[in-house]
Amino acid sequence: MKILSAKQIYEADRATIKSQAISSTELMERAAFACYEWIIKRFPDRSRLFHVCCGMGNNGGDGLVVSRLLLENGFRVHTHLINFSEHRSDDFKVNLDRLIEMKALVTEVSGVADFPTIEHGDLVIDAIFGIGLKRSPSGFTKKLIQRINNSKAGIISLDFPSGLFSASTVTDKEAVIRANHTLTFQVPKLAFLLPDNQEYVKEWQVLDIGLDKDYLNSADCLYHGSDLELNKGFYKVRKKFSHKGSFGHSLLIGGSFGKIGAMVLASRAALKAGSGLVSTYIPKCGYTAMQSTNPEVMVEVDDENYIQYFNFKTNPTAIGLGPGLGTHLKTKKGFVDFFSNCKAPMVIDADGLNIIAEFSDLSELIPENTILTPHPKEFERLVGKWHDDYAKLDKLLAYSQQHNCVVVLKGAYTAIAHQGKVWFNMSGNPALATAGSGDVLTGIITALLSQGYTSLEASLLGVYIHGRTADLAVEENESIESFSATDAIDYLGRVYKEFV
Ligand SMILES: NC(=O)C1=CN([C@@H]2O[C@H](COP(=O)(O)OP(=O)(O)OC[C@H]3O[C@@H](n4cnc5c(N)ncnc54)[C@H](O)[C@@H]3O)[C@@H](O)[C@H]2O)[C@@H](O)CC1
Ligand SMILES: Nc1ncnc2c1ncn2[C@@H]1O[C@H](COP(=O)(O)OP(=O)(O)O)[C@@H](O)[C@H]1O
Ligand SMILES: [K+]
């Protein structure tokens, strides 16, 4: 799944018009028809009033087509032309003429006095600006946006919430539509995936408008979505004559007094994610807890309450390092020596990352293709503060390139960076915002590395699987609130079944 830039979307439009020998008006009709179909399926009540607010560009043109289709099908519609510019796009003009021919109710809005009265229960279709916005809306257009946001009506944005920029951060927070639903064309937009924009973009749907496949396949994108289709592509089916030695030996290193649970979760997740063998290296105080809760998992121990020697005998295929590790001075010292000499592929999480951040020279020693799994706070410790989500993405790309590693920046749309590209994970929901959920992810990714997936594949697949456990659990027995890290482990089997 590619995430095209605005420039690429305009190019895709042109390629489509050429290859399918259609006009831009026909393409607009197709895009708006897809929106219309979604809207009437979701809001079939014909007594409801639709306020369709149209700008003067092609986004406004989409709105005019939606108005016409709703009217032709017996819905109540009031169309408002937001007169912010003399310039009107050609397809806007064509569709305005069609609407006027139908004697539709169309009002020009040139100032506050023309604002519609929007009642509770009405629906606003926001077609004021799309991806073509160049500067924050101002004057009466901004005031109208505020009026719409303050109304009690539901808001459906066509393609893009008006006021949001396609490739930079919002400059005037009061001049952006806060949409309940956004119906976007063909591909997800980067702006939807960034936490800074969560107030403007809530639910969003991608509607297929049949843009040119050749263009889409060949477009070179910096950003991608990681979905079932992508991950199915590198999922490995097990061979009939495989044995436990075929699927590697994962070693999870971590735990400290009071934080043995992190290691119980990570090692159990590694086992259930298919690692042939799983060992743990933990402080002595966790021995009984580990052996009694995870009988399949082998245990080696270090000092009494924390790890300091890192002198395990296991010869692992992959190492997951950091869950519950703690930052005792002796742990830090042992970590530095161990880390600099480790030859096995590693996943580094939690305090492992915090120690790297504290000793900045350690970043230079990160072995090629190591996987780092920071949450935003841990990432900030590694790279310093950023001023907005775009700057954060720049730092993400730069850090992963500079150290030739995979960085899994966790969040609602976890961003996985490797060799100058970023993939945003499309599975998961806020149920995952629960204690130990990151430890489970470390276990899953370590297990995938052990099974022979590359660092990038293990990261993409691991994050996708982890998110999917929460999606399935919430569809079935759990709620967003009740889901726990243990449930994520219990749902691994169900998720794997979706790949075969
Ligand atoms: N492949 C696709 O995605 C398709 C996209 N279409 C629509 O086309 C839209 C893009 O259309 P446009 O390029 O006409 O742009 P918009 O309709 O998004 O932008 C509005 C117009 O206002 C001007 N403008 C920008 N910022 C302004 C400001 N602050 N104050 C006043 N005027 C401003 C722009 O120059 C532009 O002409 C998409 O978002 C989508 O809705 C569809 O019609 C067809 C297919
Ligand atoms: N709102 C959310 N939507 C989807 N996934 C989320 C959300 N919040 C957190 N997650 C996921 O949950 C996990 C939390 O990891 P982390 O912050 O390390 O938690 P912990 O330290 O408690 O284990 C990450 O994989 C993250 O992507
Ligand atoms: K819009």
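For ligands, and for the atoms within them, numbers begin at 1 and follow the listed sequence. All residue numbers refer to positions in the sequence shown, counting from 1.
Ligand-side atoms of ligand 1 in range of L133: 25 (C), 26 (N), 27 (C), 29 (N), range being under 4.0 angstrom from any heavy atom. Shown in contact with H375 at under 4.0 Å from a heavy atom are these atoms of ligand 2, numbered in order with element: 17 (O), 18 (O). With ligand atoms numbered from 1 in the order given, ligand 2 contributes 23 (O) to contacts under 4.0 Å with heavy atoms of D439. The contact set between ligand 1 and F84, taken as ligand atoms under 4.0 Å from a residue heavy atom, comprises 22 (O), 31 (C), 32 (N).
Between the side chains of Q186 and D208, at least one donor-acceptor pair of N or O atoms lies under 3.5 Å. Under 3.5 Å, the side chains of S427 and D471 contain no donor-acceptor pair of N or O atoms.
Checked by distance only, ligand 1 and Y10 come closer than 3.5 Å through their nitrogen or oxygen atoms. Geometrically, ligand 2 and G438 share a nitrogen or oxygen pair separated by less than 3.5 Å. Not one N or O of A412 is nearer than 3.5 Å to an N or O of ligand 2, by distance alone. Taking only nitrogen or oxygen atoms, main chain and side chain alike, T414 reaches within less than 3.5 Å of ligand 2. Considering both main-chain and side-chain atoms, M28 never comes within under 3.5 Å of ligand 1 through any nitrogen or oxygen pair. Backbone and side-chain nitrogen or oxygen atoms of N59 are examined, and one is located within less than 3.5 angstrom of a nitrogen or oxygen of ligand 1. Of the N or O atoms in G132, one or more lie within a sub-3.5 Å distance of an N or O in ligand 1. In terms of N/O distances under 3.5 Å, ligand 2 is approached by L432. Considering backbone and side-chain N/O atoms, G411 comes within less than 3.5 Å of an N/O atom of ligand 2.
Heavy-atom proximity to atom 34 (C) of ligand 1, evaluated over E29, H87, K134, is greatest for K134. Closest heavy-atom approach to atom 42 (C) of ligand 1 among the candidates D62, T141, V65, I82: D62.
Residue contacts with ligand 2, taken as heavy atom pairs separated by less than 4.0 Å, involve A435 solely via the backbone atoms N, CA, C and O. Of the heavy atoms in N429, only backbone atoms (N, CA, C, O) come closer than 4.0 Å to ligand 2. At a heavy-atom cutoff of 4.0 Å, ligand 1 is contacted by both the backbone and the side chain of N58. Of the heavy atoms in T434, only backbone atoms (N, CA, C, O) come closer than 4.0 Å to ligand 2. Contacts between I209 and ligand 1 below 4.0 angstrom, taking non-hydrogen atoms only, involve the side chain exclusively. Using a 4.0 Å cut-off between heavy atoms, D91 makes no contact with ligand 1 at all.
Closest protein heavy atom to atom 25 (O) of ligand 2: H466 CE1, 3.3 Å. Residue, atom and distance of the protein heavy atom nearest to atom 24 (N) of ligand 1 are F129 CE2, 4.2 Å. Remark: minimum distance from atom 13 (C) of ligand 2 to any protein heavy atom is reached at S437 OG, 3.1 Å. Looking only at heavy atoms of the protein, atom 1 (N) of ligand 2 is closest to P430 CA, 3.5 Å.
At least one heavy atom of I9 sits under 4.0 Å from some atom of ligand 1. For I128, the heavy-atom gap to ligand 1 stays at 4.0 angstrom or more. At least one heavy atom of R135 sits less than 4.0 Å from an atom of ligand 1.
Ring orientation note: the planes of Y235 and Y496 are tilted relative to one another, at an angle of 30° to 60°. Using cut-offs of 30° and 60° on the angle between ring planes, the pair F192 and W204 is tilted.
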*Intermediate values then yes/no, ring-ring contact (aromatic ring centres under 6.0 Å, His included), F43 and H181*: CA-CA 12 Å; F43 301 101; H181 309 275; 5.8 Å; yes
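The atom of D126 nearest to the K ion (ligand 3) is O, with the search restricted to N, O or S atoms.
Under the 4.0 Å distance rule, the nearest protein heavy atom to atom 21 (O) of ligand 2 falls outside the cut-off.
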